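Below, read A as the first sequence line, B as the second, and so on, with proteins coming before strands; counting in each chain starts at 1. This one's a predicted model, so the numbers in the text were calculated from it and none came from an experiment.
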2 protein chains.
Amino acid sequence: MAARSYGQYCGVTTAVELIGERWSLLIVRDLLVGPRRYTDLRQGLPKIPTNILSARLKELQEGGVVRRVPLLHCGLVYELTPYGRELEPIVLALGRWGFQRMGEPQEDAIVTADSLTMALRTAFQMDAAASLPPADYEVHVADVVLRAQVDGPALRIAQLHPAGRPVDPRAQDRASVDGAADVVFGAGPGIRRLIAGELTPAQAVDEGVVHVLAGEETLIERFAATFHIEGGRA
Amino acid sequence: MAARSYGQYCGVTTAVELIGERWSLLIVRDLLVGPRRYTDLRQGLPKIPTNILSARLKELQEGGVVRRVPLLHCGLVYELTPYGRELEPIVLALGRWGFQRMGEPQEDAIVTADSLTMALRTAFQMDAAASLPPADYEVHVADVVLRAQVDGPALRIAQLHPAGRPVDPRAQDRASVDGAADVVFGAGPGIRRLIAGELTPAQAVDEGVVHVLAGEETLIERFAATFHIEGGRA
DNA sequence: CCGGATCCGAATCGATACTG
DNA sequence: CAGTATCGATTCGGATCCGG
């Protein structure tokens, strides 16, 4: 174990010893969306070997980042501790930083419900949203369906598909998503260019990057204003 | 190379592919202090194998995070690109996060000039400092000597020792550090407890964690108010 | 000295199979 | 469902070596 130490007495070093191993931060990313069972994590991280997932969960527990919570009569879930939840702004900032270097996806690259959820949180412009009317979006990307409800500065995201048996009856995921969304649209990977501002909403619709399935097409503009990542590129 | 991909089209994933390898973020940490030559980085990361340092620098360049800059007649330095410099708030936040879990140092753990510099930046409370008079601290920890000049919301840190041949004549490091500091003090690893608020300034001096070598002892209180990391512990 | 490249054993990771 | 066990493929670490 001492072999994996960086040998420095420093906060950054300690942090990367806690969450710097391969896969660790992606597990944290998914757990930031909500508690997950072992199998959920495996589906959200399809390429992780199971022994590595086990090992990481164990290390994260020892580091006080993750907690294992037994569920009455129905298995157990992993969830972030309060300390682990303090990573949220860091993971969001990293997502914003990495977003700028995402090119076109490799052909085998996938989009998971949790990664898309975090991507929307990453791109959420609270200030812009606060000055816009509430809106309720249903987004389809690959086989993932998300419902993003924006109300002033608040954002709530529910995962409609893949379903994933609700882990907790109190789970908010499905709550209050009974009505219809204001707009339903499908998108391909090119949605990155819309969020990056490389495409105007009109262009995105014209090019077929975004196709409206139901509801008001003009809401795509509000979506683009609400979810945006600056490319402060030189 | 595709073997090291996480197989997801996601900003967080892209980010950890760029800077998630072992040692990468520590190289970034040191480069956030200023441009460094290969040898400087080796000294700042004493336990890094030289082949790994080479490999990481190459990867970081390919990722557009680091740039290699030849110096006229005197070698070359590595420096962060503008994109790499955008990591500063993230690295500082990670340092703050990890700081809370730093226990007592392992016996072989060291403190480097760059890591201590970043630690002070991490702990710097701009708001508190802005409402305090300017102050000029000289801090000795192990064999590192730093000069931290606080002037309102601004913090400037110079590394007085180890010296490290100035990389650029315009380097600010030694500039304007001719006068005497307002207070000079030495500290051991216990300074962590002062910054974490586990120790009052008076206790820190009493326990010998901090010993004033010159100047006004009362400035230790101002130092503690200026450099502080909350332990939002449960 | 600076800026690496090379070699090799040890540790880790990835893929798959298997189990309570 | 929630992991262990196994084993070959990679990567890391430590040391040495090399061209300016």
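Computed from coordinates, the A:E59 CD to C:dT12 C1' distance equals 11 Å when rounded to whole Å. What separates CG of A:L57 from P of D:dG3 is a distance of 7 Å, to the nearest Å. Counting to the nearest Å, the C1' atom of C:dC13 and the CZ atom of A:R22 are 8 Å from each other. A:W23 places its CH2 atom 18 Å from the P atom of C:dT12, with the value rounded to the nearest Å. Rounding to whole angstrom units, NZ of residue A:K47 and C1' of C:dG14 are separated by 10 Å.
The phosphate of D:dG3 has OP1 or OP2 within less than 4.0 Å of a side-chain N or O from A:R68. A close approach under 4.0 Å does occur between a side-chain nitrogen or oxygen of B:R4 and OP1 or OP2 of D:dT11. For A:K58, no side-chain nitrogen or oxygen approaches OP1 or OP2 of D:dA2 to under 4.0 Å.
For the pair B:Q43/B:P162, no side-chain contact is recorded, criterion being any heavy-atom separation below 4.5 Å from C-beta on. When side chains are defined from C-beta on, A:V91 counts as touching A:M118, because their heavy atoms get closer than 4.5 Å.
When distances are taken from the side chain of B:T50 to each of C:dG3, D:dT4, C:dG4, the shortest belongs to C:dG4.
Side-chain atoms of B:Y38 and B:S54 form a donor-acceptor pair, as typed in the model, at a separation below 3.5 Å.
For the side chain to side chain donor-acceptor pair (under 3.5 Å) with B:E79, the qualifying choice from B:R67, B:R68, B:R36 is B:R67, the only one to do so.
Between A:R56 and B:S54, it is B:S54 whose nearest contact on DNA chain C lies nearer the 5' terminus. Each of B:Q43 and A:N51 lies near DNA chain C, and the nucleotide nearest B:Q43 is the one positioned closer to the 5' end. Nearer to the 5' terminus of DNA chain D, by closest-nucleotide assignment, is the contact made by A:R42 (compared with the other of A:R42 and B:P49).
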